[in-house]
Novice: 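One structure, pasted below without further comment.
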Amino acid sequence: MRWIAAAPTRRVQAGRLTTAAKAFHTSREVLAVFNRLAAGKGGHRLALQFAARMPTPMPTGLILLSAPLLQARDVSPHLRVNVAGRLVSAMPDRPESIGPIVRALTAGLGKVRTLERLVQLQSRVAKSETLDKLVADAEAKTQLKCPKCLARLTRPELIKHLWAKHRLVYEGGGAREPGPLVERAVEQFTASREPEEIDRVYAITEQLYADAEPRQIHQAILSRMGRQHADADLLCKAAGEAGLGLCPSCYSTLPPSIPPTPLPLALADGRLVGEGYRVEAVGRKLEITYPDNSLERLADPNARSGSREFAARVGSGIAAAALLTAAFYRGGMKPILPTLFLSFLSVTAYTALLYRERRVTKPETRAVDAAWREVAPNVGRSAFAVRYLTRLCRASLGRGTTDDRSKVLWELVEHAAVLAEKGPAQTQLLAAARLLQAHDSARIGKEWVNQLLSLWEPFLRGEVTPVYAEAAADVLLNSDQLSDRDAARLRVQLPAIAFDAGLTPAGLDALAEACPNFRRLLAGTIEWFDLLFELWKSRTSKPWESTVGPAQSVIDITKKGSGGTLRSLLAYPDTLLVAEFDPPFDKEFGEVLVGRRGVTIGDFTVSDTDVEVTTETTRKGTNVLVFGPHRIATERKIPEKILRVLRGWLRFRAERLIPAAGRSAGGPVPDRVKEMLSPLVIDCPMCRTRSVVRVGEVGTPA
């Protein structure tokens with residue numbers, strides 16, 4: 001008893017009472033312990049806590065001693081209800097057994113508080129028909145006043161009335177707002193992370209908000225837990241399937257900052273279909289079906305008769321002439337010679353005309369040309385028409401006849417430039433139309449990569465929104481018109497023209513972060529942009545020429561698009577400089593590349609500046625270039641001058657180029673770039689959080 005009384009805190013005291021209850025459960029001294037506890041200071045509380053911690057079955061004598069203490073006012077109601085629940089569960093389910101316990105627990109209480117005390121007791125007893133009857137009788141006899149109006153109702157009726165009329169929950173004898181109950185359940189889960197607690201959150205929410213979807217409950221939980229992407233995966237997947245993103249604060253679904261670009265029209269077997277239009281090349285005719293299901297048949301000016309049919313007609317005519325000549329020839333010569341001549345002529349004509357089959361316009365080309373000739377000029381500029389024209393531009397990339405649509409396409413670009421300010425759909429049309437115009441120019445002889453660079457210049461100068469750049473990149477990357485060689489050139493030239501437009505590596509990286517397809521086209525990180533920026537700043541001074549030797553920067557090489565060097569860049573995409581040596585050295589080893597990973601000779605790369613770079617001769621008389629850990633056989637002994645240049649390139653790379661990598665990482669985004677990205681910021685209507693939203697992802701706070 002002294003050990004229990006000397007506990008420094010109530011938590012420690014409760015633990016000691018639990019130990020004592022287990023120790024005296026089957027002892028004859030259990031009643032003496034209870035009486036000793038009840039007789040001391042704060043004894044009623046200690047005695048009831050001792051009884052509440054007693055393992056089952058509870059000793060009968062202890063039940064009889066505990067029942068009178070249930071009316072002790074110096075003990076909290078919560079403890080008294082807990083002990084009463086233990087006693088009712090241990091007693092026979094009869095009124096004469098349970099009645100004294102109930103009367104002791106509710107002694108001195110009015111009808112309303114008695115009812116609440118009985119309901120609390122009922123929640124702690126698994127099954128008791130006697131107690132259930134007492135609660136039902138008390139509910140029938142007690143009228144409760146609604147705290148929001150003048151209605152007086154029984155407890156079950158009041159619970160329904162509060163929720164139906166006032167959207168309040170009856171709890172603990174009073175009306176409560178449902179929101180705080182859910183909030184408290186969520187807080188308990190976030191503190192414990194126990195599965196039972198999250199089950200309780202869903203149970204309470206489904207009870208109080210029957211129309212709430214599980215997704216909404218998930219969002220509410222995540223918004224109070226903090227941003228954890230692993231927990232939001234399911235929500236991101238569901239949002240992505242609907243073409244939406246998530247708010248970073250409340251995880252509610254939001255439309256993406258950059259909507260997806262419409263897919264190209266379906267084109268197959270001479271049919272171009274989409275948005276209710278159907279253009280089909282049938283024989284020598286064109287059939288155009290409009291959205292209102294009206295059908296129009298037109299003669300196709302690009303259709304030719306089948307080469308095989310035409311060749312057969314011509315050949316048959318000449319052969320018939322040969323037969324007539326053989327039958328009716330009356331000249332001095334025998335008819336065999338003119339007949340053979342005409343027969344040979346018929347075979348030759350048939351073969352030559354049959355060759356024309358390779359040059360007959362394909363049905364797909366005729367369908368695309370017809371769409372530009374018959375549909376595009378008359379479709380209008382409504383939202384529906386803008387979507388159709390965007391899809392038509394995508395379907396026409398690399399297909400159709402450039403001359404036939406050049407005028408219509410030029411007018412479309414002019415109109416789209418004016419309409420671009422009205423919204424993302426019009427901006428996507430401008431991007432798709434300008435890309436098609438650039439590709440048509442390349443098909444008639446203009447440089448393709450230069451046309452592409454001019455396509456993105458307005459965006460990098462801030463004249464159009466990021467929706468334009470993203471749409472153009474999406475259309476280009478999902479077409480078959482960009483070769484690996486052209487992509488390698490764009491990877492270098494796009495940052496170069498961005499720097500010409502006044503952007504910094506940090507600004508370019510921020511634009512790429514907001515435009516995923518544009519980043520795929522750039523195919524670089526902030527470190528790569530910093531290295532290119534270092535070369536761009538040195539484009540006129542070329543400090544390597546005075547310290548090491550002559551070399552071409554990757555910016556100059558990709559601008560020219562030279563063949564052999566560009567092939568080396570495809571194999572080593574991190575190349576920054578291509579060193580220039582005497583022709584014999586280049587012929588034997590290929591180009592010497594200075595890149596982010598190191599200096600490369602042939603297929604051997606070295607990055608350490610302290611490695612050995614020498615030449616030696618083996619016992620068999622073979623010359624060997626020692627390049628760090630690599631030993632490269634050479635036809636001749638490498639001059640010391642070239643060896644000094646190789647060491648110089650290793651030092652220049654380590655001391656000048658590499659320190660520039662990552663220099664802008666973590667730096668502030670320039671105000672100009674923030675202004676360029678401002679059209680992408682979306683305000684969440686639920687929590688007013690401003691963010692940049694992408695499909696299937698948690699938004700980035702702005």
Side-chain angles (χ1 to χ4, degrees), residues 417 430-431 434-435 437-438 441-442 446-473 476 482 485-515 517-545 551-562 565-566 569 573-578 596 656-657 660-665 667-677:
L430 175 62
R434 289 201 60 178
L435 180 61
Q437 191 178 49
S441 299
K446 293 186 178 180
E447 220 284 324
W448 173 222
V449 173
N450 289 339
Q451 296 297 312
L452 290 177
L453 293 176
S454 65
L455 177 69
W456 272 283
E457 279 182 358
F459 165 64
L460 297 173
R461 291 196 299 264
E463 298 172 0
V464 291
T465 66
V467 175
Y468 172 89
E470 188 70 352
L476 180 62
L482 186 67
R485 181 187 295 267
D486 294 335
R489 294 180 63 189
L490 284 179
R491 179 173 177 261
V492 176
Q493 287 301 311
L494 276 176
I497 65 172
F499 302 147
D500 290 338
L503 291 177
T504 62
L508 182 60
D509 187 65
L511 292 177
E513 181 66 24
C515 305
N517 288 317
F518 185 60
R519 178 178 281 283
R520 286 174 55 199
L521 204 60
L522 291 172
T525 61
I526 183 66
E527 291 81 6
W528 173 250
F529 299 151
D530 279 329
L531 291 171
L532 290 179
F533 189 60
E534 186 71 17
L535 293 182
W536 179 82
K537 291 189 299 182
S538 307
R539 62 190 182 280
T540 56
S541 61
K542 297 182 180 181
W544 53 83
E545 291 187 350
Q552 292 189 74
S553 74
V554 69
I555 296 177
D556 294 334
I557 293 171
T558 54
K559 182 180 295 185
K560 300 173 185 177
S562 54
T565 302
L566 202 54
L569 297 184
D574 66 319
T575 300
L576 297 168
L577 294 169
V578 178
R596 183 180 175 187
R656 288 291 302 270
L657 294 180
R663 185 178 295 166
S664 302
V669 178
D671 293 338
R672 176 191 170 190
V673 176
K674 292 180 181 179
E675 184 178 352
M676 294 172 66
L677 295 177

Novice: Taking all heavy atoms of Pro543 and all of Arg656, pick out the closest pair and write down the distance.
Specialist: CG-NH2, 3.6 Å

Novice: Run through Asn450, Leu476, Leu435 and flag the one making a side chain to side chain contact (heavy atoms under 4.5 Å, CB included) with Leu455.
Specialist: Leu435

Novice: Checking Ser664 now: which residues fulfil side-chain hydrogen bond (donor to acceptor under 3.5 Å, both in side chains) with it, not counting sequence neighbours?
Specialist: Asp530

Novice: Working to the nearest 0.5 Å, report the span between SG of Cys515 and CG of Leu521.
Specialist: 11.5 Å

Novice: Any luck finding a side-chain donor-acceptor pair between Asp500 and Trp536 under 3.5 Å?
Specialist: yes

Novice: How long is the straight-line distance from NZ of Lys542 back to CG of Asp556, given to the nearest 0.5 Å?
Specialist: 5.5 Å

Novice: What closest approach, in Å, do Thr558 and Ala488 show between heavy atoms, and which atom pair accounts for it?
Specialist: CG2-O, 4.4 Å

Novice: Quick check: do Leu511 and Leu677 have side-chain heavy atoms less than 4.5 Å from each other?
Specialist: yes

Novice: Just so I know, are the side chains of Leu508 and Val673 near enough to count as touching, which here means a heavy-atom distance under 4.5 Å?
Specialist: no

Novice: Can you tell if the side chain of Ile555 reaches within under 4.5 Å of the side chain of Arg539, non-hydrogen atoms only?
Specialist: no

Novice: Is it the case that more than 12 heavy atoms not belonging to Lys446 sit under 6.0 Å from its NZ atom?
Specialist: no

Novice: Donor-acceptor pair, distance only, cut-off 3.5 Å: does the side chain of Arg596 make one with the backbone of Asp574?
Specialist: no

Novice: Please examine the side chains of Pro505 and Trp528, heavy atoms only from C-beta on, and report whether any two atoms are closer than 4.5 Å.
Specialist: no

Novice: Do Ile557 and Thr575 have side-chain heavy atoms sitting under 4.5 Å apart?
Specialist: no

Novice: Please name the pair of heavy atoms, one in Asp486 and one in Trp448, separated by the smallest distance, quoted to 0.1 Å.
Specialist: OD2-CD1, 3.2 Å

Novice: Please report the closest heavy-atom contact between Phe529 and Gly524, naming both atoms and the distance.
Specialist: CZ-O, 3.8 Å

Novice: If you define the side chain from C-beta out and look only at heavy atoms, does anything of Arg519 sit under 4.5 Å from Asp509?
Specialist: yes

Novice: Give a yes or no answer on whether the side chain of Arg489 reaches the backbone of Lys559 with a donor-acceptor pair at less than 3.5 Å.
Specialist: yes

Novice: At their closest point, which heavy atom of Arg434 faces which heavy atom of Tyr468, and how far apart are they?
Specialist: CD-OH, 3.5 Å

Novice: What is the distance from atom CZ of Phe499 to atom CG of Leu532, rounded to the nearest 0.5 Å?
Specialist: 6.0 Å

Novice: Looking only at non-hydrogen atoms, find the nearest pair between Leu531 and Leu657 and report the distance.
Specialist: CD2-O, 3.0 Å

Novice: Any non-hydrogen side-chain atom of Val554 less than 4.5 Å from a side-chain atom of Leu577?
Specialist: no

Novice: When you measure from the side chain of Glu470 to the backbone N and O of Phe518, does any donor-acceptor pair fall under 3.5 Å?
Specialist: yes

Novice: Could you tell me if the side chain of Leu503 sits less than 4.5 Å from the side chain of Arg672, heavy atoms only?
Specialist: yes

